[in-house]
Amino acid sequence: MSNWFNLKLKSGALQLTVFIIAVIAILLAAVLTLTYVHRFFIEQSKASIKIIKNSNDGFQHLFNSDDNRNDTLLFSKNDEENSYQIRTHQSNWGIFEKGWVETSYRTRKFKKIGLIGSSFKEENRPALYLKETFKPLVVVGETEIRGLSFLPEQGVKSGNIAGESYYGTQLIYGPTQKSGVKLPEIKKSVKNFVSQFISSNFQLTNENYLENGNPKNTNSFFSPTKYIKSSQIVRLENCSLTGNIIVKSDTLVSIRKSALLRDIIVVAPYVEIEEGFNGNLQVFSTKSIRIQKNCTLNYPSALILVNQEKEVANYSSPNNQIFIDSGTIVSGTVCYFSTAVENNFGTQVILQPQSQVRGELYCEGNIEVMGWINGTLYAHQFVSNKAGSVFMNHLFNAKISSEKIQPEFAGILFENNLQISKKKSIIKWLY
């Protein structure tokens, strides 16, 4: 009996020993697995960080490139341990450049796409660049100009319109420099693209054609462009269009406030936007852009009118004109381009009282400013239509300031110019 008890005790001890060994083995295996998984995720995190960093380096390569290429460039980047493949592609999306970067490491890929514009250092951003036309700038009423201003050699003086004089304590609230006989030059590649784009006849296939009237269309910028095209009037209402989409009419595009538009492009000789609209888009026209009251065009919107006529004869005509009505806010870029001989009394861009441009306005014709410009205005010449007369190079109750614009703002791409040093930067990331 005693021997049997001793044998049973020894067997139980052996089972306990085996159990303890098994538990220790499982714990060691768990520790080793945890260590491996931890190291694996650390390496993956490092690789992800390097891939993203190399993508940013790809965009720096695009920023440093003066040529707008429509082909894809491939280059390699090596560090101490790994080799990365970086592909870049640069093209246009409307008035802005579009950059695309893909970074590859082994089987992993990371893609980024964004709109590219140019920006100032905060201290270098001008409020006003008025071309040298050998006439002084005349300020009247509640006009206020704050920031660096480039002016004709004749400078600035106060004036009087319909019994109203200038009420400010200074003519310019900021430093001044002499302007040139030409406006700062926009990049040739951008202007060439705009001229070709605005007159091009897009050849469509079933794959890239969209029916107008569909309630909702979204298209990624990584995908081919989709189009809505008609030889008749196109009315955008009760619909949602987002992303890589171009709407083109041979006559008129009418945008109603019920339309939800984001990042698309609209092309037509005549474009009108209904009162109360809210969205962001780029508009290209050859005749007229009319924005009614209390609209909000969010950043980065753009209004681009290209005058293709040889001469502008009738200054009272709404043709060849960008009209921004009261209470409307345009955050982005407004441009009027022309090679025509402009009528001295014509008005090609009109900002009504209480309207705002938050960004940049570039006008190669005559402009009447009765609203506010928070950013930079590049102007060939001012006009003021008051009391039945036209006053040349007069500003009446205009507000122009570079002090309130967001420092991250990026807009028009310029040729290298010593007077306005700008650098490329991201306007917004696309999807």
Side-chain angles (χ1 to χ4, degrees), residues 126-183 305 307 312-318 320-326 328 334-336 338 340-357 360-402:
L128 172 63
Y129 192 106
L130 178 61
K131 176 181 165 182
E132 174 65 85
T133 56
F134 307 103
K135 295 190 289 287
L137 170 64
V138 182
V139 290
V140 186
E142 301 289 346
T143 293
E144 187 176 294
I145 302 173
R146 291 188 175 273
L148 172 63
S149 297
F150 292 84
L151 301 174
E153 188 173 358
Q154 292 76 10
V156 58
K157 66 179 185 178
S158 61
N160 185 291
I161 294 178
E164 291 203 52
S165 57
Y166 179 64
Y167 303 118
T169 58
Q170 293 178 226
L171 296 177
I172 301 286
Y173 297 87
T176 62
Q177 296 185 28
K178 187 181 180 303
S179 61
V181 294
K182 291 183 178 179
L183 290 176
L305 195 148
N307 175 26
V312 179
N314 184 0
Y315 73 87
S316 64
S317 170
N320 303 300
Q321 188 181 91
I322 299 174
F323 179 86
I324 301 174
D325 211 340
S326 301
T328 286
V334 179
C335 294
Y336 174 86
S338 178
V341 178
E342 302 289 356
N343 183 294
N344 283 336
F345 302 103
T347 309
Q348 282 72 54
V349 179
I350 298 177
L351 269 67
Q352 289 288 77
Q354 307 303 316
S355 64
Q356 293 186 54
V357 172
E360 293 180 322
L361 196 158
Y362 187 97
C363 180
E364 293 180 343
N366 296 332
I367 176 171
E368 183 171 15
V369 181
M370 295 171 280
W372 304 331
I373 295 176
N374 296 319
T376 305
L377 170 60
Y378 306 90
H380 163 74
Q381 186 171 238
F382 294 113
V383 296
S384 184
N385 295 278
K386 298 293 178 187
S389 299
V390 179
F391 297 85
M392 306 306 299
N393 247 16
H394 282 56
L395 277 175
F396 184 73
N397 291 343
K399 300 286 192 297
I400 302 170
S401 174
S402 61

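Computed from a prediction, not measured in an experiment: that's the story for all the values here.
Distance check, rounded to the nearest 0.5 Å: CZ of Phe323 to CG of Leu305 gives 14.5 Å. Expressed to the nearest 0.5 Å, how far OG1 of Thr143 lies from CZ of Phe396 amounts to 7.5 Å. With rounding to the nearest 0.5 Å, the separation of SG in Cys363 from CZ in Phe382 is 9.0 Å. Note that CD1 of Ile373 and OG of Ser402 are 11.5 Å apart. Values are rounded to the nearest 0.5 Å. Going from atom CG of Asn385 over to atom NE2 of His394 covers 12.0 Å, rounded to the nearest 0.5 Å. Asn397 contributes atom CG, which lies 12.0 Å from atom CH2 of Trp372 (distance to the nearest 0.5 angstrom).
At a threshold of 4.5 Å between non-hydrogen side-chain atoms, the residues Leu183 and Tyr362 count as touching. Within the 4.5 Å cutoff, the side chain of Pro152 has no heavy atoms near those of the Pro136 side chain.
Evaluation of the salt bridge (Lys or Arg N to Asp or Glu O under 4.0 Å) rule for Glu368 yields no partner, not counting sequence neighbours.
Across all their heavy atoms, Glu142 and Lys399 have their closest contact at O-NZ, 2.9 Å. The shortest non-hydrogen separation linking Ile161 to Lys386 is CG2-CB, 3.5 Å. Summarising the geometry of Tyr166 relative to Val139, their closest heavy-atom pair is CB-O, 3.5 Å, with the distance given to 0.1 Å. Across Val369 and Leu377, no two heavy atoms sit closer than the pair CG2-CD2, 4.2 Å. In this structure, Met392 and Val383 approach most closely via the heavy-atom pair CE-CG1, 3.4 Å. Ser326 and Pro353 make their closest contact through OG-O, 2.9 Å (heavy atoms, listed as atom of the first residue, atom of the second, distance).
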- Please assess Leu130 against Asn393 for the test side-chain contact (heavy atoms from CB on, under 4.5 Å), listing each intermediate value before the final yes or no. CA-CA 9 Å; Leu130 178 61; Asn393 247 16; 3.9 Å; yes
Hey, mind stepping through Gln177 and Leu148 against side-chain contact (heavy atoms from CB on, under 4.5 Å) and telling me if it holds? CA-CA 8 Å; Gln177 296 185 28; Leu148 172 63; 3.9 Å; yes
field: Residue pair Val334, Leu351: steps toward the side-chain contact (heavy atoms from CB on, under 4.5 Å) verdict
entry: CA-CA 11 Å; Val334 179; Leu351 269 67; over 6 Å; no
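For Gln381 and Asn366, the side-chain atoms include at least one donor-acceptor pair closer than 3.5 Å.
Under a 3.5 Å cut-off, the side chain of Ser149 and the backbone N or O of Thr176 do not form any donor-acceptor pair. With hydrogens and angles disregarded, a donor-acceptor distance shorter than 3.5 Å links the side chain of Glu132 to the backbone of Glu153. Under a 3.5 Å cut-off, the side chain of Tyr129 and the backbone N or O of Gly180 do form a donor-acceptor pair. Counting only distance, with no hydrogens or angles, the side chain of Glu360 and the backbone of Thr376 share no donor-acceptor pair below 3.5 Å.
The environment of NZ in Lys157 is sparse: at most 12 heavy-atom neighbours from other residues, nucleotides or ligands sit within 6.0 Å.
With Leu151 as reference, Val156 is the one residue of Val156, Leu171, Ile145 to meet the side-chain contact (heavy atoms from CB on, under 4.5 Å) rule.
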